[in-house]
Protein chains: 4
Amino acid sequence: MKPPNEQDPKLRILHAATALFSQKGYDATGVNEIAKKAKVNKALIYYYFENKEAILGSLIDSLMSSVYAITLAFANDCIDVMAEDGSLVVEEGAFFFASHKAMEGFTTKLHAYYKEVVDYTLDNRAIVRILMFESLKGGKHQSSLFRFMELMEKKPDNPLYKTLGIGQQDFNYHEATVFYEFFFSIIPLVSIAAYYDEYQAKSHLSDERLREFALRSYMAHAETNSLRKLFVTES
Amino acid sequence: MKPPNEQDPKLRILHAATALFSQKGYDATGVNEIAKKAKVNKALIYYYFENKEAILGSLIDSLMSSVYAITLAFANDCIDVMAEDGSLVVEEGAFFFASHKAMEGFTTKLHAYYKEVVDYTLDNRAIVRILMFESLKGGKHQSSLFRFMELMEKKPDNPLYKTLGIGQQDFNYHEATVFYEFFFSIIPLVSIAAYYDEYQAKSHLSDERLREFALRSYMAHAETNSLRKLFVTES
Amino acid sequence: MKPPNEQDPKLRILHAATALFSQKGYDATGVNEIAKKAKVNKALIYYYFENKEAILGSLIDSLMSSVYAITLAFANDCIDVMAEDGSLVVEEGAFFFASHKAMEGFTTKLHAYYKEVVDYTLDNRAIVRILMFESLKGGKHQSSLFRFMELMEKKPDNPLYKTLGIGQQDFNYHEATVFYEFFFSIIPLVSIAAYYDEYQAKSHLSDERLREFALRSYMAHAETNSLRKLFVTES
Amino acid sequence: MKPPNEQDPKLRILHAATALFSQKGYDATGVNEIAKKAKVNKALIYYYFENKEAILGSLIDSLMSSVYAITLAFANDCIDVMAEDGSLVVEEGAFFFASHKAMEGFTTKLHAYYKEVVDYTLDNRAIVRILMFESLKGGKHQSSLFRFMELMEKKPDNPLYKTLGIGQQDFNYHEATVFYEFFFSIIPLVSIAAYYDEYQAKSHLSDERLREFALRSYMAHAETNSLRKLFVTES
DNA sequence: AATGAATGAGTATTCATTCAT
DNA sequence: AATGAATGAATACTCATTCAT
């Protein structure tokens, strides 16, 4: 996950910080430790980052923007394109496809999206762990985890929402649904990543099986409780 | 949640520590702060606790033993009693009741148990938060969260398992099930408590509605994915 | 050296303090430790002693008075008696005996005195160690070691000097002699006791041999460099 | 002994520590005091030394290595050179010189060595005091004083012994001799340094006289009890 | 871009001592 | 005579951060 002999000191710092923050937590990690692990002079850290907090901010920002990017890419590359060529119509929170083939194409891409999300989350589980950590504390990053939730909410500043361009106010996301989605879908996904290594140590399961479990559980859950109904309008 | 003018200094210390640990995290909380909040001389903390870690340990221990107690009480008071009077037979992980009335009685008690678990978790959400916090860090308490999981596992040292006295080796808990149960049942329950206040602040939902959501979501989930099937053997 | 089940708490405190002070030094020993080792409540120490310093003072005082007592006893029981019955005349620092028998009697008692001093020093080596310790520090007890030296000095407040009743001003103790006596006689005696256990650990010598070495070295030295010449006036 | 305005902070720390440790003892000296006396920020002490103990270790190490160096220098510069040019033969612990002149040269150098040892000991009496102090306590430095003793022992890892290249197993150091040498030669030498200032305060002797006393007493003792006999083989 | 030295405020912990009972 | 609880000041040590070069 981390090349042994990295060149860029800034990257070395970020990698060292990621490892340490995710193992011992932000507060229990000293700048000295980061410097030692990154094989970098302590003062150099302050050349690249304004303070210790900025390192954490940098890590969390990069995670957040990656997740946003993945979600937006799916919305753009899949939904928008299909909406433009008329093979998909989104209405009142439901998806109407022009043909079975269109729906199959959508489903395939949706599954690929699920896999990408799970993979990305697991690959970057150290930062995910840090994110969970910080979202449990009061402070600047407390709300980070909730921003994932916002991806599902019907708010004007939600880029996914914007992309879909759905305007109905009677969107069927109501409070209970959001609650359920957050605690039984997002939280498990994030937790699987955060507790991955510990769970593996306890269960002695292989990486392959664990990833399979994670993907299947997540997909099963998403499908069962899917808020969006898919229909084919083709006669 | 905390009486304004407590007498026992040791309790004052524990309450202050609970509040601070759950707000800022263990590592970011100073013993000075605890002393100040508990209105206690700093050295007195070391009279009652060997060190800062021991305060944390005391909090987590009391949480763990309460959860164990609740679970065992349910197993003892409900399952054992019914098993003894013959109104319930547990076999191959399934529950066979002598009558509809017996099953109804069981279901009622089960729901009461669910409610008790959810209530206890929410009432003690500060410590639950601390527990989640610490289980994300490497160290002594990392495994605490996983001990909840063990309550569901088929191991000889599991007191619940012992109580049920189920001996079949082909018990239908297999790896995927345990994984699913942990990440889609325990983790959500714990997370609802841990993120309760933050979620409330974001959603502006009343305590009543949130608790209702929590209980319903948890019960719905537990029932849907219930591992134990319930049957009535009555002709 | 220390009875296992002592009754008197004050004695238990003194013994515990002796052991700890001699092992780790006064400053590195906590009142808590003393209380624990003495199996006594910490506050009780302050019932018997004004403060920690008073424990040390008590130990050193008892050592000093014992040494004084031994020396005075020798002077009284031996020299005074012989001086009174005319079998010994002390003049200008030299000892003139009335007969060979008188001198032999004196020598025998002198050797017994040497043995008693060495034995007492070794038996109480823990306190001797403490004394050396404290005499190396600035402070109240710095001068304790030097009070041994004063036993040899020609000062009006020297009880030994008083006992001998020697009045000559040209007493042949001059500065170099006192210096030599102190550093090559008193200091070795005290050091043998202070380093006894450590030396034994290094050399693997038995208690018997070590005590024999100590006594012989000390006697040889005392005799060789004896300032007091012994004469027989008998024709 | 200490320049008023030193530049190197590390040296300032060492000098301040030396003064304080030798006055009040290691345990009674606070790091705060050292910092204040050295006019240095407290944290800087921990920049240069791992902990308080390391300061002490540094002081004792430098003393030990100096003493070793002085002794080795004498052995190398004097004995080795004479042994190589044939003017000195060492056999069975005795020294045989080719000529009176050779012996005189040796004696002169030996006396210079004595003087150097005494001078060094007195000049560095603060550290010597600390060494005595620590060798009375259990712990890391307890054995330091005994290492001086080892300089006289016939062990393969003794550098002096190696240099002399004496191989006879019947070397006349036996247990009693080592005991005597240690307690009546090394201990007095060390004690003279350790108690120098206190003795001076009591005796009101000038530095010159005290140093003269010290040197003479030491030389007299060393010569009287010299283990090595000196002979001239010249006809 | 990089570093060794330096710092003030803070950390957890221990101290000798006192008090009420 | 004895004790559990309490305390203010001090302890050794660490922190994130800065500065001069």
Side-chain angles (χ1 to χ4, degrees), chain A residues 7-10 12-13 26-35 38-56, chain B residues 7-10 12-13 26-35 38-56, chain C residues 7-10 12-13 26-35 38-56, chain D residues 7-10 12-13 26-35 38-56:
Chain A
Q7 303 309 329
D8 186 2
K10 188 168 183 179
R12 289 216 304 276
I13 294 167
Y26 171 79
D27 294 297
T29 300
V31 177
N32 248 326
E33 283 174 279
I34 300 175
K39 280 169 191 168
V40 144
N41 184 287
K42 193 189 354 178
L44 193 64
I45 293 181
Y46 288 88
Y47 178 79
Y48 287 112
F49 300 92
E50 206 185 332
N51 48 32
K52 188 184 163 190
E53 240 286 317
I55 308 175
L56 177 62
Chain B
Q7 303 308 329
D8 186 2
K10 190 169 183 180
R12 288 216 305 277
I13 293 167
Y26 170 80
D27 294 298
T29 300
V31 178
N32 255 324
E33 284 174 277
I34 300 175
K39 281 172 189 164
V40 143
N41 184 290
K42 197 196 336 183
L44 193 63
I45 294 182
Y46 288 91
Y47 179 76
Y48 287 112
F49 299 94
E50 207 183 331
N51 48 34
K52 189 183 161 189
E53 240 284 318
I55 308 175
L56 177 63
Chain C
Q7 303 307 329
D8 186 4
K10 189 169 182 179
R12 288 216 305 276
I13 294 167
Y26 171 80
D27 294 297
T29 300
V31 177
N32 247 326
E33 282 174 279
I34 300 175
K39 280 169 189 167
V40 142
N41 184 286
K42 193 186 359 175
L44 193 64
I45 293 182
Y46 287 89
Y47 177 78
Y48 286 113
F49 300 93
E50 204 186 333
N51 49 31
K52 189 185 161 190
E53 241 286 318
I55 307 175
L56 178 62
Chain D
Q7 303 308 328
D8 186 3
K10 190 169 182 180
R12 289 215 304 276
I13 294 167
Y26 171 81
D27 294 297
T29 300
V31 177
N32 255 324
E33 285 174 277
I34 300 175
K39 279 171 192 166
V40 143
N41 184 290
K42 196 198 333 185
L44 193 61
I45 293 182
Y46 289 90
Y47 180 76
Y48 286 112
F49 300 93
E50 208 182 331
N51 47 35
K52 191 184 161 190
E53 239 284 317
I55 308 175
L56 177 62

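- Listed by chain and number, the residues in a side-chain contact (heavy atoms from CB on, under 4.5 Å) with C:K10 are C:D8, C:Y48, C:F49 (sequence neighbours excluded).
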Please tabulate, one pair per line, all N/O donor-acceptor pairs under 3.5 Å involving side-chain atoms of residues 26-34 of chain A, not counting sequence neighbours.
residue, atom, partner, partner atom, Å
A:Y26, OH, A:E53, N, 3.2
A:D27, OD2, A:K137, NZ, 2.5
A:T29, OG1, A:L20, O, 3.4
A:T29, OG1, A:G25, O, 2.8
A:E33, OE1, A:K24, NZ, 3.2
A:E33, OE1, A:G30, N, 2.8
A:E33, OE2, A:K24, NZ, 2.4

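- The distance between atom CD1 of A:I45 and atom P of E:dA1, rounded to the nearest whole Å, is 15 Å.
- In this structure A:Y47 satisfies the side-chain contact (heavy atoms from CB on, under 4.5 Å) test together with A:L44, sequence neighbours excluded.
- Within the 4.0 Å cut-off from OP1 or OP2 of E:dA5, at least one side-chain nitrogen or oxygen of D:Y47 is found.
- The shortest heavy-atom contact between A:A35 and A:K42 is CB-CA, 3.7 Å.
- Across all their heavy atoms, A:Q7 and A:R12 have their closest contact at O-NH1, 3.1 Å.
- Nearest-nucleotide positions on DNA chain E for A:P9 and D:V40 put A:P9 closer to the 5' end.
- Between the CD1 atom of A:I13 and the P atom of E:dA1 there is a distance of 12 Å, given to the nearest Å.
- Taking a pair as Watson-Crick or G-U wobble with both distances under 3.5 Å, the runs of three or more consecutive pairs in DNA chain E are E:2-21 with F:2-21.
- Backbone-only contact: A:Y48 has heavy atoms under 4.0 Å from sugar-phosphate atoms and none from a base.
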Exercise. Would you give a per-nucleotide map of nucleotides 13-19 of chain E, 5' to 3', where B means the base has a protein non-hydrogen atom under 4.0 Å away, S means only the sugar-phosphate does, and - means neither?
Key: BB-SBBB
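- Between B:K10 atom NZ and F:dA6 atom C1' the separation is 15 Å, expressed in whole Å.
- B:I34 places its CD1 atom 11 Å from the P atom of E:dT11, with the value rounded to the nearest Å.
- Straight-line distance from the CD atom of D:Q7 to the P atom of E:dA6: 11 Å, rounded to whole Å.
- Counting to the nearest Å, the P atom of E:dA5 and the CZ atom of D:R12 are 14 Å from each other.
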